[in-house]
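Below: one structure, written as structure tokens.
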Amino acid sequence: MRIAKSIGALSMGVPGEIAGLHEAWKRYGRLPWKPLFEPAIELARGGFVVAPYLGRAISKHSSMILKDPGLKNVFSRNGQVLKPGETCYNPELARSLEMISELGPAVLYNGTVGEKLVSDVKKAGGIITMDDLRSYKVRVTNAMAMDVMGYKIYGMPPPSSGTVGFSMIMNILDSYSELYTGSGNDLGLHRLIEAMKHMFAARMDLGDPEFVNITNAMKQMLSKPRAEDIRKRILDNTTFPPEYYLNRWSQLRDQGTSHFSIVDADRNTVSMTTTVNYVFGAGVLSPSTGIVLNNEMDDFSVPTENTPDNLPPAPTNFIEPNKRPLSSMTPLVITKDGELVATLGGSGGMKIIPAVIQVFLNCFVLKMKPLEAVESARVYHKLIPNIVQYENFTAINGDHIGVTKDSKMFLAERGHELEEISGGAIVQLIVQSLKEEEEDKEKIIELGRKLGKDSTKRLKPFKGLLTAVSDPRKDGKPAAV
């Protein structure tokens, strides 16, 4: 069962991204639909250079790529997988995107692109039908809005566990009498790890609110008195085995994802996390459409599943038709006094929530500059196994990212078992400074000179400059640049 829901065409869920983007465009889009696809079509047809990060992923999964006809056709040449610096082409995807740009989402959900996709999925052993595509409905909900350490945080509600988990951990840390000092303080790092373990134990009571009642679970996770109780269970001189954290269910082992953050000249903001789940999704690419099949079914729990932690799977996350699975997605928009402060989010499965939290703390509690906040080494914990993973590696840009020897010793002395990892979650961050610093004023004036005589008037209403950071763990730049 684990293999069927993890790898191959049976692990595919109904793809919802095109439908979701179209709904967002209908509500807020300013440009026509068709031109929005032109850059992606050009990348697919004209090719793009394989960057080091993608090249490493291709190499790591080379055997899987060479086994699947669709993946092999796109990511290999002459029997060898593509290497960094070589050009990758996907002409069938270009054709699919062209049709969607001209005819709208219906061509995927009730037309020829969908029919081709369904045919390829069935040939690969999957069971998705045109009825499944036709019945897909976009669900539009209000963002969750939480008050955290003087900021207003907007994020995804369940079945994403990110916003709830983020808020729970922040409430725990904020309940200490002295302000939490983040990853620059070893005691703060220990407290953060312990708070993460409590959060991961609690989050498996979440699920799709359209199918299960998670009201009490959310109330408990977001309760400040409950955060105070948890804080009393965190001891500064020791850690505990997993059962101490009252975990009842097996952890969700979600993976992958991509994230981008965008802020425009009017300070309209998008924080979007999207996924095919694993690297190369289900390990299958539809040859006639160029679409990589996701393996989203792996984000559900299965009643008969044997789990590595020997705990029962979470009933709130069992598979049902039209149900959305639990995830770790944590796209956030942060404001203060009605002004945009930042937008951020991450990719990397279970590591997303810890990574986003540490970047937030680095930037807004430790007051690091945005690049330093993203680049600083991070720690991760999944509750089970009871191991603290810490980053220690050289990024693709040559910078070394690593937790200090003193921090590792401090954590070891408190009973944490440590494991070194060569890379973690990827965080994308945009920060708007809220202080009217002289340096910022000069930059705004200089930018105005470059843009034209009236531009400084347009820029003046905004309180600060935007600083954008792409994580150096993943090439340090947007993937399409």
Side-chain angles (χ1 to χ4, degrees), residues 52-53 56 60 166 169-170 172-174 176-200 231 233-242 244-245 344 346-427 429 469-476:
Y53 189 89
R56 192 163 60 192
K60 184 177 179 181
F166 178 96
I169 289 174
M170 288 301 176
I172 295 169
L173 299 179
D174 208 23
Y176 284 92
S177 56
E178 74 277 19
L179 186 63
Y180 172 73
T181 52
S183 55
N185 173 281
D186 294 333
L187 179 57
L189 198 58
H190 166 74
R191 291 171 175 172
L192 172 62
I193 291 166
E194 292 299 291
M196 286 195 292
K197 293 166 78 172
H198 281 284
M199 183 275 293
F200 276 123
R231 194 262 303 165
R233 290 176 57 82
I234 295 175
L235 303 187
D236 286 344
N237 62 349
T238 189
T239 187
F240 300 94
Y244 179 81
Y245 304 89
L344 75 161
S347 56
M350 286 185 74
K351 292 185 175 71
I352 294 173
I353 303 173
V356 169
I357 285 170
Q358 286 169 85
V359 170
F360 175 88
L361 291 169
N362 288 342
C363 200
F364 299 107
V365 177
L366 285 177
K367 305 301 181 183
M368 292 182 186
K369 295 290 186 182
L371 178 59
E372 184 186 5
V374 172
E375 193 171 41
S376 294
R378 306 179 195 130
V379 297
Y380 305 94
H381 208 295
K382 298 179 180 178
L383 183 60
I384 297 173
N386 194 17
I387 295 171
V388 176
Q389 294 182 318
Y390 66 91
E391 294 180 328
N392 185 27
F393 66 103
T394 300
I396 288 170
N397 67 358
D399 292 345
H400 181 261
I401 297 174
V403 172
T404 67
K405 184 178 179 180
D406 287 346
S407 294
K408 289 185 285 186
M409 187 178 300
F410 184 93
L411 295 176
E413 287 171 352
R414 273 140 192 82
H416 294 285
E417 184 177 343
L418 304 175
E419 176 184 78
E420 177 181 303
I421 57 172
S422 58
I426 310 300
V427 176
L429 170 70
V469 179
S470 284
D471 202 316
R473 293 163 181 80
K474 189 177 183 179
D475 294 323

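Just so it is clear, the values below take in all heavy atoms, side chains as well, and ignore hydrogens, waters and symmetry mates. This is a predicted model, so every value here is computed, not measured.
Within the 4.5 Å cutoff, side-chain heavy atoms of Ser407 are placed close to those of Thr404. Two residues are said to be in side-chain contact when any heavy atoms from C-beta on lie closer than 4.5 Å; Pro242 and Phe200 fail this criterion. Put simply, the side chain of Asp475 reaches to within 4.5 Å of the side chain of Pro52, judged on heavy atoms. Between Leu411 and Leu189 the shortest side-chain heavy-atom distance falls below 4.5 Å. Side chains of Asn392 and Ile401 form no contact here, defined as non-hydrogen atoms less than 4.5 Å apart. In this structure, the side chains of Val427 and Arg378 come closer than 4.5 Å at one or more pairs of heavy atoms.
Going from atom CG of Asp406 over to atom CG of Asp186 covers 7.0 Å, rounded to the nearest 0.5 Å. Expressed to the nearest 0.5 Å, how far NZ of Lys351 lies from OG of Ser347 amounts to 11.5 Å. Taking CD1 from Ile172 and CE from Met199, the interatomic distance works out to 9.0 Å, rounded to the nearest 0.5 Å.
For His190, the side-chain hydrogen bond (donor to acceptor under 3.5 Å, both in side chains) test picks out His416, with sequence neighbours left out. Residues passing the side-chain hydrogen bond (donor to acceptor under 3.5 Å, both in side chains) test with Arg414: none are found, sequence neighbours excluded. Applying the side chain to side chain contact (heavy atoms under 4.5 Å, CB included) rule to Glu419 yields the partners Ile387, Gln389, Ile421; only residues at least two apart in sequence or on another chain are considered. Annotation: side-chain hydrogen bond (donor to acceptor under 3.5 Å, both in side chains) contacts of Asp236 (sequence neighbours excluded): Arg191. In this view, Thr239 and Glu194, Lys197, Tyr245 satisfy the side-chain hydrogen bond (donor to acceptor under 3.5 Å, both in side chains) rule, not counting sequence neighbours.
Ser376 places a side-chain N or O within donor-acceptor distance of the main-chain N or O of Glu372, the cut-off being under 3.5 Å.
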| Leu366 vs Leu361, side-chain contact (heavy atoms from CB on, under 4.5 Å): CA-CA, chis, key distance, verdict | CA-CA 6 Å; Leu366 285 177; Leu361 291 169; 5.9 Å; no
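Of all heavy-atom pairs spanning Val403 and Lys408, the tightest one is O-CE, 3.8 Å. Closest approach of Ile357 to Ile169, counting heavy atoms only: CD1-CD1, 3.3 Å. Taking both residues in full, the closest heavy atoms of Glu375 and Pro472 are given as CG-CG, 3.8 Å, listed atom of the first, atom of the second, then distance. The two residues Asn386 and Pro241 make their nearest non-hydrogen contact at ND2-CA, 3.7 Å. Looking at every heavy atom in both residues, Ala425 comes nearest to Asp471 through O-OD2, 3.7 Å. Nearest heavy atoms, Ala377 versus Gln358: O-OE1, 4.5 Å.
Using a 30° and 60° split on the angle between ring planes, Phe240 and Tyr244 fall in the parallel class, below 30°.
Of the charged side-chain nitrogens involved, at least one lies within less than 4.0 Å of a carboxylate oxygen, so that Arg473 and Glu391 count as a salt-bridged pair.
The 12-atom threshold is not exceeded at NZ of Lys405, counting heavy atoms of other residues, nucleotides or ligands nearer than 6.0 Å.
Applying the ring pair (Phe, Tyr, Trp, His ring centres under 6.0 Å) rule to pairs touching residues 370-405 yields nothing, sequence neighbours excluded.
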